[in-house]
Amino acid sequence: ARLDPGSAMEALRAAGRAVLRSPRLARHGLGLRRRRKLPESWADMQEPLLEGMCFTLKYLGMTLVEKPKGEDMAAAAIRRIMATARVGARKFQKVILTVSPRGISLQDADTKEMVENISIYRISYCTTDKLQNKVFAYVAQSQESGALECHAFLSPKKKIAQAVTLTVAQAFQMALDLWEATHAGR
């Protein structure tokens, strides 16, 4: 289901307002910069996204998938991840997921150790699950094996999961714009 640009921006603004009100959102630049509150209009600004938007989420797990994109594929992968997560009865790893036009980086929230760095060009799909609406997931090609992996994360609120998804979409668009700008001069 595609959103028209006007409703997509309104959804992004609404998600942004929810993110700004969330006490669990990591508003630091992975410990590299001083904390600063994001303005209400962050969805309209490119600067925060260029630096990287940070979200504190719980990592649910990963499963291999056959297709690079698709709602049904993602829903089935999320169901598998959730089933495995429930059986494990372990505490989920809290991570800081940072979205920028370069891609997605994952950092352990407690140790500040870098877990993974995924190029925007390796990500083929991202979604907020319809049934598990606090779950954000993305599909990316593994750098080591080349296999397609679906990674799922639990957010504290539905609006934060939606904000992560919309922020990744905005990062894709910004990466495309930057790529086109650099190749237009050739």
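Just the heavy atoms: all of them, side chains too, but no hydrogens, waters or symmetry mates, feed the values below. Predicted, not measured: the structure shown is a model, and the values here were computed from it.
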### Smallest separation among heavy atoms of Ser105 and Met114, with atom names
CB-SD, 4.1 Å
### Query
How far does NZ of Lys91 sit from NZ of Lys58, to the nearest 0.5 angstrom?
7.5 Å
### Val65 vs Arg80, side chain to side chain contact (heavy atoms under 4.5 Å, CB included): CA-CA, chis, key distance, verdict
CA-CA 11 Å; Val65 293; Arg80 286 195 306 272; 3.8 Å; yes
### Task
Report the residue from Tyr59, Phe55, Phe92 that forms a ring-ring contact (aromatic ring centres under 6.0 Å, His included) with Phe153.
Tyr59
### Query
Judged by atom type as modelled, is there a donor-acceptor pair below 3.5 Å linking the side chain of Gln141 to the main-chain atoms of Gly146?
yes
### Task
Could you tell me whether a side-chain N or O of Thr127 sits under 3.5 Å from a main-chain N or O of Ala137, the two making a donor and an acceptor?
no
### Message
As a quick check of understanding, evaluate side chain to side chain contact (heavy atoms under 4.5 Å, CB included) for Leu106 and His151, giving each step before the final call.
### Response
CA-CA 11 Å; Leu106 299 171; His151 296 265; 5.7 Å; no
### Message
Working to the nearest 0.5 angstrom, can you tell me the gap between Glu116 CD and Met62 CE?
### Response
8.5 Å
### Nearest-0.5 Å distance, CD of residue Glu149 to CD1 of residue Ile118
9.0 Å
### Task
Supply the atom-to-atom distance Leu57 CG to Ile160 CD1, rounded to the nearest 0.5 angstrom.
8.0 Å
### For Tyr125 against Lys69, the heavy-atom pair lying closest together
CD1-CB, 3.5 Å
### Task
Of all the heavy-atom pairs spanning Arg122 and Ser142, show the shortest one and how long it is.
NH1-O, 3.7 Å
### Joint cluster assignment, Leu64 & Ile81, ILVMFWY side-chain distance < 4.5 Å
no
### Task
Keeping the roles fixed (side chain from Gln107, backbone from Lys112), state whether a donor-acceptor pair exists under 3.5 Å.
yes
### Message
I'd like to know if Val139 and Val135 are part of one continuous hydrophobic network [Ile/Leu/Val/Met/Phe/Trp/Tyr, side-chain heavy atoms within less than 4.5 Å].
### Response
no
#### Entry: In one Ile/Leu/Val/Met/Phe/Trp/Tyr side-chain cluster, 4.5 Å: Leu97, Phe172
yes
### Query
Of the non-hydrogen atoms in Cys126 and Phe136, which two are nearest, and what is the gap between them?
CB-CE1, 3.8 Å
## Note on the structure
Ala169 meets the side-chain contact (heavy atoms from CB on, under 4.5 Å) criterion, sequence neighbours left out, with none
### Message
Is the shortest side-chain heavy-atom distance between Lys67 and Leu148 below 4.5 Å?
### Response
no
### Query
If you group Ile, Leu, Val, Met, Phe, Trp and Tyr by side-chain heavy-atom gaps below 4.5 Å, do Val164 and Tyr138 land in one group?
yes
### Message
Which heavy atom of Asp108 sits nearest to which heavy atom of Asp110, and what is that distance?
### Response
OD1-N, 2.8 Å
### Message
Given Val99, which partner from the list Ile123, Leu166, Thr167, Ile120 fulfils the side chain to side chain contact (heavy atoms under 4.5 Å, CB included) test?
### Response
Thr167
### Task
Taking the side chain as every heavy atom from C-beta outward, state whether Arg102 and Leu178 have any pair of such atoms under 4.5 Å apart.
no
### Task
Keeping the roles fixed (side chain from Thr63, backbone from Ala77), state whether a donor-acceptor pair exists under 3.5 Å.
no
### Message
As an exercise, state the distance from CG of Asp129 to CD of Glu71, rounded to the nearest 0.5 Å.
### Response
9.0 Å
### Query
Looking only at heavy atoms, which two atoms of Lys158 and Asn133 are closest? And how far apart?
CD-ND2, 3.4 Å
